[in-house]
Every structure is written in C-alpha cells, then in structure tokens.
A.B. asks: 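This is the structure, below, for whatever I ask next.
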Amino acid sequence: MKPLRIACFVSGNGTLFEHIARKCLQKEIPATVVVVISSSSTAKALERAAALEIPAEVVRRGADESDDVYATRLLDTLRKYQVNFICLAGFLKLLPAQLIREYSGRVLNIHPALLPAFGGKGMYGRRVHEAVIDSGVRVSGATVHLVDEEFDHGPIVAQRAVFVHADDNPDTLAERVHAVEFDLYAQAVTWFAQSRVRIDGRKVTILPLYSK
C-alpha cells in the first residue's frame, strides 16, 4: 500500500484528530494527515489544524443538496490533497454512499461503546453513555470500525473494554471510555499504515508486522 495520506473529518472540538496528527508528525504513526475536512466553519478543530499547519477545508452539505452533489464536492477535495485514507474524528454526518464506495476499506471511525451494541443513528456522545448505564450492562468501551453505508455498522477493527461501575453517571463513564479511545484509534491507524489489515467480509485480521 502507498504511504497513507489521511484526511481527518471533524465536526467539533478535534482532540482526536489532533492526537492522530501529532502521532504522525512524531513518526509514531507512519502516515501523514494532509487535510482536515470540517462540516462546520466554527469547529474548534479548525484552530487545532491551523496550529499544526495542516490545511483545512469546510465542506458543508447544503439544505437541498443531493447525495451526488455533496459526494462530488467531498471527492474533489480529497483528490485535491491526494488523500488515500479517511479517519472520522468526531464527524457526526453520514458520508454519502458514492464516497464510501470509492474509499471502501479505507474509512475508519471510532464509537464510544462496544459495537454492535449501543450504535446506530443518533447514538453519539453522551447519549451512548446514558443508554449504556440505563441498560445495566457491566462493560462498555470503544470500537474502531470500518465505515459502510449505515451508522456504526462496518466491520470491527479493534475494541477495548472498560468496566461500568455501579456509581457511574454518563460523565464519569465517558471520561473512562475517552481515556482508551485515543490510543486504540492510533493503534488501528498504525496497522493500516503498516499494511497489516486483511478484510474478509465482516472479519478483520491484523497480520504480523512483517507478514507477506
């Protein structure tokens, strides 16, 4: 695989994007974040990108814009920066099917629960942790997965569990899940950068470092 040229898609604060970008800059991940694409012109992530001297583009979907037009604008932006891999980092929009098909197997996302539980449309941020606590389950965590045309549905690449404590509230659980998300996502991106990921339907295998 060619060296990864990553686009980070963001909608808000951008701490996850910044973590991945810094890992790349420090050569801990053998890849480069070449552009940040934001769905909002006021996202804090844009300031983080500027501080790291990483180009940023705001690509918002128009209220009456079709999937095809929106996909074309996104794809044009990706081609402009020669992007060959996408990391969703707090991006709250569903990507158009045309983009997902063109980048099949090369779009990653992280979800703050152990998929396939507690995922799907509308399940993000605090809502996920509220649902976990209300369900009474004893274990939650984070999931890195490939993106397909449904919310939180693509093949699972990596998961890490955290215990749900009896006295947890959504904020305390979120803090504990957040603590594992950054390293888990960075590890998954590293595997792709090292060409160690084999995808067979919904099964993802991580190959040894020097496997042929």
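Keep in mind that this is a model prediction, so the values were computed, not measured.
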A.B. asks: More than 12 non-hydrogen atoms from neighbouring residues, nucleotides or ligands closer than 6.0 Å to CZ on Arg160, yes or no?
C.D. replies: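 Counting other residues, nucleotides and ligands, CZ of Arg160 exceeds 12 neighbours.
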
A.B. asks: Do the charged groups of Asp76 and Arg79 touch, with an N to O distance under 4.0 Å?
C.D. replies: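 Looking at Arg79 together with Asp76, the answer is yes, because their closest N to O distance falls below 4.0 Å.
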
A.B. asks: Quick one: list whatever passes salt bridge (Lys or Arg N to Asp or Glu O under 4.0 Å) with Lys44, sequence neighbours left out.
C.D. replies: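 Partners of Lys44 by the salt bridge (Lys or Arg N to Asp or Glu O under 4.0 Å) criterion, ordered by chain and then number, come out as Glu47.
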
A.B. asks: Listed by chain and number, what are the salt bridge (Lys or Arg N to Asp or Glu O under 4.0 Å) partners of Glu28, not counting sequence neighbours?
C.D. replies: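 In terms of salt bridge (Lys or Arg N to Asp or Glu O under 4.0 Å), with neighbours along the sequence ignored, Glu28 is linked to Lys23.
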
A.B. asks: Under the rule for salt bridge (Lys or Arg N to Asp or Glu O under 4.0 Å), what residues qualify as partners of Glu181, not counting sequence neighbours?
C.D. replies: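 Glu181: no salt bridge (Lys or Arg N to Asp or Glu O under 4.0 Å) contacts found.
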
A.B. asks: Is it possible for you to say whether Leu88 and Val177 belong to one hydrophobic cluster, with membership spreading through side-chain heavy-atom contacts below 4.5 Å?
C.D. replies: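 Shared cluster, no.
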
A.B. asks: Do Leu52 and Arg22 touch side chain to side chain, with heavy atoms closer than 4.5 Å?
C.D. replies: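 With C-beta onward as the side chain, the pair touches.
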
A.B. asks: So, taking the atom named CG in Asn109 and the one named CG in Asp148, what distance separates them when rounded to the nearest 0.5 Å?
C.D. replies: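 These two atoms lie 10.5 Å from each other.
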
A.B. asks: Measure the shortest side-chain to side-chain distance between Thr143 and Ile110 over non-hydrogen atoms and say whether it is less than 4.5 angstrom.
C.D. replies: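 When only atoms from C-beta onward are counted, Ile110 and Thr143 do not touch, as no gap falls below 4.5 Å.
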
A.B. asks: Is there a path of hydrophobic side-chain contacts, each under 4.5 Å between heavy atoms, that joins Val189 and Val10?
C.D. replies: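 The answer is yes; both residues are in one hydrophobic cluster.
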
A.B. asks: If you link I, L, V, M, F, W and Y whenever their side-chain heavy atoms are under 4.5 Å apart, who else ends up in the same group as Leu92?
C.D. replies: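 Reading the cluster by chain and number, Leu92 sits alongside Tyr124.
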
A.B. asks: Check whether Leu108 and Val180 end up in the same hydrophobic cluster, where Ile, Leu, Val, Met, Phe, Trp and Tyr are linked by side-chain heavy atoms less than 4.5 Å apart.
C.D. replies: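 Different clusters.
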
A.B. asks: If the condition is side-chain hydrogen bond (donor to acceptor under 3.5 Å, both in side chains), which residues does His129 pass it with, not counting sequence neighbours?
C.D. replies: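 By the side-chain hydrogen bond (donor to acceptor under 3.5 Å, both in side chains) rule, His129 matches no residue at all.
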
A.B. asks: Does Val139 sit in a hydrophobic cluster with other residues, and if so which ones, taking ILVMFWY side chains as linked at heavy-atom separations under 4.5 Å, directly or through other members?
C.D. replies: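 Leu114, Phe163, which link up through side-chain heavy atoms under 4.5 Å apart, make up the rest of the cluster.
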
A.B. asks: Rounded at 0.5 Å granularity, tell me how far CH2 in Trp191 sits from CD in Gln194.
C.D. replies: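 Separation between the atoms: 10.0 Å.
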
A.B. asks: Test side-chain contact (heavy atoms from CB on, under 4.5 Å) on Thr205 and Arg196; report intermediate values, then the result.
C.D. replies: CA-CA 8 Å; Thr205 302; Arg196 295 175 58 192; over 6 Å; no

A.B. asks: To the nearest 0.5 Å, what is the distance between CD (Glu102) and CG (Leu74)?
C.D. replies: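 Atom-to-atom, Glu102:CD and Leu74:CG are 11.0 Å apart.
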
A.B. asks: For Val204 versus Pro155, what's the shortest heavy-atom pair and its separation?
C.D. replies: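 In this case the closest contact between Val204 and Pro155 is CG2-CB, 3.8 Å.
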
A.B. asks: Indicate every side-chain donor-acceptor pair of residues 53-61 with a distance under 3.5 Å to a residue at least two apart or in another chain.
C.D. replies:
residue : atom : partner : partner atom : Å
Glu57   : OE2  : Lys80   : NZ           : 2.9
Glu57   : OE2  : Tyr81   : OH           : 2.6
Arg61   : NE   : Glu65   : O            : 3.2
Arg61   : NH1  : Asp67   : OD1          : 2.7
Arg61   : NH2  : Glu65   : O            : 3.0
Arg61   : NH2  : Asp67   : OD1          : 2.6

A.B. asks: Salt bridge or not for Asp168 and Arg176, using N-O below 4.0 Å?
C.D. replies: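 Judged by the 4.0 Å cut-off on N to carboxylate O distance, Asp168 and Arg176 do form a salt bridge.
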
A.B. asks: More than 12 heavy atoms of other residues, nucleotides or ligands under 6.0 Å from CG of Asp171: yes or no?
C.D. replies: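 Yes, enclosed.
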
A.B. asks: Enumerate the ring pair (Phe, Tyr, Trp, His ring centres under 6.0 Å) contacts for residues 15-42, please, sequence neighbours excluded, ordered by first and then second residue.
C.D. replies: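 Only His19-Phe182 qualify under ring pair (Phe, Tyr, Trp, His ring centres under 6.0 Å).
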
A.B. asks: Could you note down all residue pairs passing side-chain hydrogen bond (donor to acceptor under 3.5 Å, both in side chains) where residues 131-142 supplies at least one of them, sequence neighbours left out?
C.D. replies: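 Output for this query is empty, none listed.
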
A.B. asks: Can you give me the closest heavy-atom contact between Phe118 and Ala113, atom names plus distance?
C.D. replies: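 Here Phe118 and Ala113 meet closest at CB-CB, 3.9 Å.
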
A.B. asks: Do His145 and Val157 come close enough that some side-chain heavy atom pair is under 4.5 Å?
C.D. replies: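 Of all side-chain heavy-atom pairs linking Val157 with His145, none is under 4.5 Å.
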
A.B. asks: For the atom pair SG (Cys8) and CG (Leu16), what is the distance rounded to the nearest 0.5 Å?
C.D. replies: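 CG of Leu16 is found 7.5 Å from SG of Cys8.
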
A.B. asks: If I compare all heavy atoms of Met123 with all of Ala131, which pair ends up nearest, and what's the gap?
C.D. replies: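 Of all heavy-atom pairs spanning Met123 and Ala131, the closest is CE-CB, 3.7 Å.
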
A.B. asks: Quick one: are Glu18 and Asn13 in side-chain contact, heavy atoms under 4.5 Å?
C.D. replies: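 No; the side chains remain at least 4.5 Å from each other.
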
A.B. asks: I'd like to check the salt bridge (Lys or Arg N to Asp or Glu O under 4.0 Å) partners of Asp64; sequence neighbours left out, ordered by chain and number.
C.D. replies: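 Partners of Asp64 by the salt bridge (Lys or Arg N to Asp or Glu O under 4.0 Å) criterion come out as none, since no residue qualifies.
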
A.B. asks: Do Val83 and Val34 touch side chain to side chain, with heavy atoms closer than 4.5 Å?
C.D. replies: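 Answer yes - side chains close enough.
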
A.B. asks: How close do Ala7 and Leu78 get, heavy atom to heavy atom, and via which atoms?
C.D. replies: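 Scanning both residues completely, I find the closest heavy atoms to be CB-CD2, 3.7 Å.
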
A.B. asks: Under 4.5 Å between side-chain heavy atoms, hopping through other hydrophobics if needed: is there a path connecting Leu184 to Val162?
C.D. replies: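 The answer is no; the residues belong to distinct hydrophobic clusters.
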
A.B. asks: On a heavy-atom basis, which atom in Asp68 and which in Gln98 lie closest, and how many Å separate them?
C.D. replies: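 Where Asp68 meets Gln98 most closely, the heavy atoms are OD1-OE1, 3.8 Å.
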
A.B. asks: With a 4.5 Å heavy-atom cut-off, do Leu115 and His153 have their side chains touching?
C.D. replies: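 No, too far: nothing below the 4.5 Å cut-off.
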
A.B. asks: Taking Ile6 as the starting point, is it possible to reach Tyr103 by hopping between hydrophobic residues whose side chains are less than 4.5 Å apart?
C.D. replies: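 They do not share one cluster, since no chain of ILVMFWY contacts under 4.5 Å joins Tyr103 to Ile6.
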
A.B. asks: Which residue is it: Val107, Val33, Leu4? I am looking for the one with a side chain to side chain contact (heavy atoms under 4.5 Å, CB included) to Phe85.
C.D. replies: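 By the side chain to side chain contact (heavy atoms under 4.5 Å, CB included) criterion, Phe85 pairs with just one of Val107, Val33, Leu4: Leu4.
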
A.B. asks: State, with a plain yes or no, whether a side-chain heavy atom of Val144 is found less than 4.5 Å away from one of Ile156.
C.D. replies: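 When only atoms from C-beta onward are counted, Ile156 and Val144 do not touch, as no gap falls below 4.5 Å.
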
A.B. asks: Go through the steps for Thr32 and Cys24 under the test side-chain contact (heavy atoms from CB on, under 4.5 Å), then give the verdict.
C.D. replies: CA-CA 6 Å; Thr32 305; Cys24 292; 5.6 Å; no

A.B. asks: Using the ring-ring contact (aromatic ring centres under 6.0 Å, His included) criterion, which residues pair with Phe9? Sequence neighbours excluded.
C.D. replies: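 ring-ring contact (aromatic ring centres under 6.0 Å, His included) list for Phe9, sorted by chain: Phe91.
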
A.B. asks: Kindly compute the distance separating CZ (Phe151) from NZ (Lys93), expressed to the nearest 0.5 Å.
C.D. replies: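 The distance works out to 9.0 Å.
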
A.B. asks: For the CG atom of Leu99 and the CD atom of Glu149, what is their distance to the nearest 0.5 Å?
C.D. replies: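 Rounded to the nearest 0.5 Å, the CG-CD separation comes to 10.5 Å.
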
A.B. asks: Can you check side-chain contact (heavy atoms from CB on, under 4.5 Å) on Ile37 and Ile86, steps first, answer last?
C.D. replies: CA-CA 10 Å; Ile37 296 178; Ile86 297 171; over 6 Å; no

A.B. asks: Of all heavy-atom pairs between Val137 and Val164, which one has the smallest distance, and what is that distance?
C.D. replies: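 Where Val137 meets Val164 most closely, the heavy atoms are O-CB, 3.6 Å.
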
A.B. asks: Between Thr172 and His165, is a side-chain contact (heavy atoms from CB on, under 4.5 Å) present by the stated rule, with each step listed?
C.D. replies: CA-CA 9 Å; Thr172 58; His165 299 162; over 6 Å; no

A.B. asks: Applying side-chain hydrogen bond (donor to acceptor under 3.5 Å, both in side chains) as the test, list every pair that has at least one member in residues 33-43; sequence neighbours left out.
C.D. replies: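 Counting only pairs at least two positions apart or across chains, the side-chain hydrogen bond (donor to acceptor under 3.5 Å, both in side chains) contacts touching residues 33-43 are Ser11-Ser39, Ser40-Thr42.
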
A.B. asks: Side chain of Thr77, backbone of Arg73: donor and acceptor closer than 3.5 Å?
C.D. replies: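 Yes, the answer is positive, given that a donor and an acceptor are paired below the 3.5 Å cut-off.
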
A.B. asks: Do Val197 and Ile199 have side chains that approach each other closer than 4.5 Å (heavy atoms only, starting at C-beta)?
C.D. replies: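 Yes; the side chains approach each other to less than 4.5 Å.
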
